[in-house]
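In what follows, a structure is listed as structure tokens, so that the remarks can point back to it.
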Amino acid sequence: MVMEPTETTAASDSSDKSPGDDAYAAHLERSRRVWDRWSDWYGLSESDFEPIRERAIDRLALESGDRVLDIGCGPGVNFAYVREKIGSAGHLVAVDYSPEMVAKARARVDDHGWDNVEVRRADATTVAFDERFDAAIATLSLSVMPDVDSTLETVRRHVAPGSPVAVVDVRPAPSGPARLLNPLIWRFFRWYANWNPEQNVLASLRAVFDECEVVETNLAGVSYTAICRTADSRETRPSGPRDPNR
């Protein structure tokens, strides 16, 4: 069973157990305000990104009975498709920091009567579980978090060795003429989602996981899907720096 923290404990994790600096706390609080504000309008991006999200979930090769972790779940846009894969015997645990997003995700669960889907309000850098997961997914969430590295270390600790982690996220255009639009893209991401420009999600993925591959790009590379895995043990990770742009 997964150990369920109280709402008070989950909310206080950001200040008591976070990396501990003012910038971290400020970004986390801005994210809460931004996503509380957008919680009523998330359906716009839900439909636009649905095919991309579903292809990412397909790449997890989920089976009936699997345990899945959804990091930054928002209003639960991945729940129905993941549950199609894992069936009633599986277990989906979802985490988000925005109270309004969590409320909408739980309402979605209640409306469908999914008794094997659990939604927690928690800081993804500090949340803990007493089970390991067969797969994890993060869609349009990592790049808005104040500490991607700590979040990914949390994910790594809780997925079984060799299990896949699917990430769908956005970035400024990496190449081509679309790079001319990057100043506008940057400002839009920052306004819309409290995007964190100081962090490189792909570089963090490649630093934390043993294998990580970009398997799909869309919108001139602004949207991408990456699949990452751990080896059987952390000691088997290759030494030396990795090229974050590779």
Side-chain angles (χ1 to χ4, degrees), residues 2-5 7 10-11 13-14 28 31-50 52-60 62 66-86 90-129 131 133-148 150-152 154-155 158-159 163-170 192-195 201 225-226:
V2 175
M3 183 171 54
E4 176 71 46
E7 292 295 315
D13 277 347
S14 64
L28 192 65
S31 289
R32 182 198 63 75
R33 292 198 307 267
V34 167
W35 288 108
D36 280 354
R37 181 184 70 204
W38 286 114
S39 62
D40 289 332
W41 302 96
Y42 197 88
L44 298 174
S45 60
E46 176 176 355
S47 57
D48 290 343
F49 275 85
E50 184 175 41
I52 298 172
R53 291 186 292 100
E54 291 186 350
R55 288 194 296 271
I57 294 168
D58 287 340
R59 291 180 182 275
L60 294 174
L62 299 174
D66 278 351
R67 301 175 304 258
V68 180
L69 175 62
D70 189 344
I71 293 291
C73 67
V77 295
N78 296 321
F79 293 178
Y81 199 63
V82 169
R83 198 174 179 281
E84 280 184 27
K85 306 293 185 181
I86 64 175
H91 188 196
L92 172 60
V93 179
V95 174
D96 203 282
Y97 191 74
S98 161
E100 292 299 326
M101 288 293 192
V102 167
K104 287 177 171 53
R106 287 175 174 167
R108 189 182 301 232
V109 171
D110 291 342
D111 288 346
H112 288 85
W114 294 328
D115 57 6
N116 62 335
V117 180
E118 174 188 350
V119 183
R120 295 193 191 186
R121 186 194 172 214
D123 180 350
T125 65
T126 57
V127 65
F129 310 94
E131 70 174 321
F133 295 91
D134 301 299
I137 186 164
T139 57
L140 303 176
S141 61
L142 290 178
S143 61
V144 305
M145 294 185 178
D147 189 340
V148 175
S150 295
T151 298
L152 292 177
T154 296
V155 174
H158 290 99
V159 295
S163 297
V165 177
V167 172
V168 176
D169 221 307
V170 292
Y192 179 81
N194 196 34
W195 182 66
V201 172
T225 301

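As a basis for the values below, the full set of heavy atoms in this structure was taken, side chains included, without hydrogen atoms, waters or symmetry mates.
The salt bridge (Lys or Arg N to Asp or Glu O under 4.0 Å) search around D110 returns none, not counting sequence neighbours.
The distance from atom OG1 of T151 to atom CD1 of I71, rounded to the nearest 0.5 Å, is 7.5 Å. Rounding to the nearest 0.5 Å gives a distance of 12.5 Å between CG of D70 and CD of E118. Between the CG atom of L69 and the OG atom of S163 there is a distance of 11.0 Å, given to the nearest 0.5 Å. Here R55 contributes atom CZ and L60 contributes atom CG; the two are 14.0 Å apart, rounded to the nearest 0.5 Å. Here the straight-line distance linking atom CG of D111 with atom CZ of R106 works out to 14.0 Å at 0.5 Å rounding.
Between I57 and T139 there is no side-chain heavy-atom pair separated by less than 4.5 Å. Put simply, the side chain of V165 reaches to within 4.5 Å of the side chain of V155, judged on heavy atoms. R83 is not listed as a side-chain neighbour of H112, based on a closest heavy-atom distance of 4.5 Å or more. Residues D58 and K85 form a side-chain contact, since some pair of their non-hydrogen atoms from C-beta on lies under 4.5 Å apart.
Checked by atom type, the side-chain pair S143/D169 shows a donor-acceptor distance below 3.5 Å. Side-chain atoms of D123 and T125 form a donor-acceptor pair, as typed in the model, at a separation below 3.5 Å.
Under a 3.5 Å cut-off, the side chain of T225 and the backbone N or O of A56 do not form any donor-acceptor pair. At least one donor-acceptor pair closer than 3.5 Å links the side chain of D134 to the backbone N or O of R67. With hydrogens and angles ignored, the 3.5 Å screen pairs no side-chain donor or acceptor of R53 with any backbone N or O of V168. Between the side chain of D96 and the backbone N or O of G74 there is at least one donor-acceptor pair closer than 3.5 Å. Side chain of D66 to backbone of I86: no donor-acceptor contact under 3.5 angstrom is found.
Between F133 and F129, the ring-plane angle classifies as perpendicular under the 30° and 60° cut-offs.
Pairing each heavy atom of V127 with each of H158, the nearest pair is O-CE1, 3.9 Å. The two residues F79 and C73 come nearest to each other via the heavy atoms CE2-CB, 4.0 Å. A pairwise comparison of heavy atoms in P75 and M101 identifies CD-SD, 3.4 Å as the closest pair. Heavy atoms only, all atoms of each residue included: A124 and T154 are closest at O-OG1, 3.2 Å. Closest approach of E54 and Y81 over heavy atoms only: O-CE2, 3.4 Å. Listed here is the closest heavy atom pair of V77 and R108: CA-NH1, 4.0 Å.
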